[in-house]
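Read through the structure below, which is laid out as structure tokens, and then see the notes.
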Amino acid sequence: MTENPYRTAVLAWYDANARDLPWRADDATPWSVLVSEIMLQQTPVVRVLPAWKAWLERWPTPASLAAEPSGEAVRMWNRLGYPRRALNLHACAKAVVDRHGGEVPRAHADLLALPGVGVYTAAAVASFAFGQRHAVLDTNVRRVLARLETGVEYPPRTPGRAEYTLAESLLPEEPAVAARWGVAVMELGALVCTARAPKCGVCPVSDRCAWALAGKPPHDGPPRRGQSYAGTDRQVRGRLLAVLRDAPGPVPKAALDAVWDEAAQRERALDALVADGLVDPLETGEYALPG
DNA sequence: CAATCGTGGAT
DNA sequence: TATCCAAGATT
């Protein structure tokens, strides 16, 4: 429970190889960590970096963001993707101000209750920002554990009970060490134990990796993905929202109609954006980012 | 529980 | 060029 044979090797590797990402710096705040975690959901670090800096320069505290209309958050989000995350972050800011006196809560349950914060993100903030002992099971950690412990190339599509049990069993007792262990494994997955072309030659634990020792058997089972993008509602939504983001104010419907030929799909996408709160239909017939 | 939700870089 | 993938959450 308290010891695993490669813990020291992974921690030492992290000490020597960790990227100095700004949300890991000493001056990072719980708010800046929360912002990073929301932005990093399904989004590469290199694209998050500039967005994170700009966001925190403008809104260094939850209160500063909560004081602005949600549409400003959507505009600031720019092309990071999954723009409902901008809405979530804005709602997080308001919830933090309303329910927690303007301070990001430290309790896992309170974090979990924030919009857009799921099991992973709650654990990540509790661990990285507050030094608590939680299993942080993101895509990197899941892949590392799948290979190292289970001996398969990729974990299941969604984490199951067994994965949490395994992650818990590897967690060091000391909260501060557990927190460091979490980022270390995550970093190992991001830099070495990558999804494609893993760098087993420089891996600190390749000599006890179940998958490597088994001869790196390829993933068997159904293909892991299937999301095409061209022609989907998501693409249409992206185009519609881009028009509103790039305009200084409300736009006529004609401007939105111009981005997609097929009217039915276009209307469906626009309705969905309105339903999601990402677009505000005005009385004038124009459309705008939400107030 | 499977589908949905953006975007862009790498292979 | 097409596919894969990136610190997931929500319904």
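Note on naming: letters A, B, ... go to the chains in the order of the sequence lines (proteins, then strands), and numbering restarts at 1 for each one.
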Given atom CG of A:N88 and atom C1' of C:dT10, what is their separation to the nearest angstrom?
9 Å

Could you list where the contact with chain A starts and ends along DNA chain B, reading 5' to 3', using a 4.0 Å heavy-atom cut-off?
B:dC5 to B:dG8

For A:N88, check side chain to side chain contact (heavy atoms under 4.5 Å, CB included) against everything at least two apart and list the hits.
A:P115

Which pairs count as ring-ring contact (aromatic ring centres under 6.0 Å, His included) when at least one residue sits in residues 96-132 of chain A, sequence neighbours excluded?
A:H108-A:H134

So what does A:V119 hit on the nucleic acid, given a heavy-atom distance under 4.0 Å: a base, only sugar-phosphate, or nothing?
sugar-phosphate

Under 4.0 Å, heavy atoms only, any strand: does A:R268 hit a base, just the sugar-phosphate, or nothing?
nothing

Which residues pass the ring pair (Phe, Tyr, Trp, His ring centres under 6.0 Å) test with A:W211, not counting sequence neighbours?
none

Write out all pairs satisfying ring-ring contact (aromatic ring centres under 6.0 Å, His included) with one or both partners inside residues 253-284 of chain A, taking only residues at least two apart or from two chains.
none

Tell me: CD of A:Q42 to P of C:dC5, nearest whole Å?
12 Å

A:R143 side chain N/O closer than 4.0 Å to the phosphate oxygens (OP1, OP2) of C:dA6?
yes

Whole angstroms only, please: what is the CD-C1' distance between A:E153 and C:dC4?
13 Å

Rounded to the Å, how far apart are A:L80 CG and C:dA7 P?
14 Å

With sequence neighbours excluded, give me every salt bridge (charged side-chain N to carboxylate O under 4.0 Å, His left out) pair touching residues 253-262 of chain A.
A:K253-A:D257, A:K253-A:E267, A:D257-A:R266

For the pair made of CG in A:N140 and C1' in C:dC5, what is the distance, rounded to whole Å?
11 Å

Please set out all donor-acceptor pairs under 3.5 angstrom arising from side-chain atoms of residues 239-250 of chain A, sequence neighbours excluded.
residue, atom, partner, partner atom, Å
A:R239, NH1, A:V259, O, 3.1
A:R245, NH1, A:N78, O, 3.2

Distance in angstrom units between A:R142 CZ and C:dC5 C1', rounded:
14 Å

Going by heavy atoms closer than 4.0 Å, what residues in residues 68-76 of chain A are next to DNA chain C?
none

With A:H219 via ring pair (Phe, Tyr, Trp, His ring centres under 6.0 Å) - residues at least two apart:
A:Y154

Would you indicate what A:Y154 reaches in the nucleic acid, counting non-hydrogen atoms under 4.0 angstrom: base, sugar-phosphate, or nothing?
sugar-phosphate

Separation of C:dT11 P from A:D233 CG (nearest whole Å):
18 Å

Per-pair distances, 0.1 Å, donor-acceptor, side chain in residues 44-63 of chain A, under 3.5 Å, sequence neighbours excluded:
residue, atom, partner, partner atom, Å
A:R47, NH2, A:L80, O, 3.2
A:W52, NE1, A:S32, O, 2.9
A:R58, NH2, A:E68, OE1, 3.2
A:R58, NH2, A:E72, OE1, 2.8
A:W59, NE1, A:E68, OE2, 3.0
A:T61, OG1, A:S64, N, 3.2
A:T61, OG1, A:S64, OG, 3.2

Holding to ring pair (Phe, Tyr, Trp, His ring centres under 6.0 Å), I want the full list of residues that pass it with A:H90, two or more places apart in sequence or in another chain.
none

Which residues within residues 20-40 of chain A lie with some heavy atom under 4.0 Å of an atom in DNA chain C?
A:L21, A:W23, A:R24, A:E37, A:L40

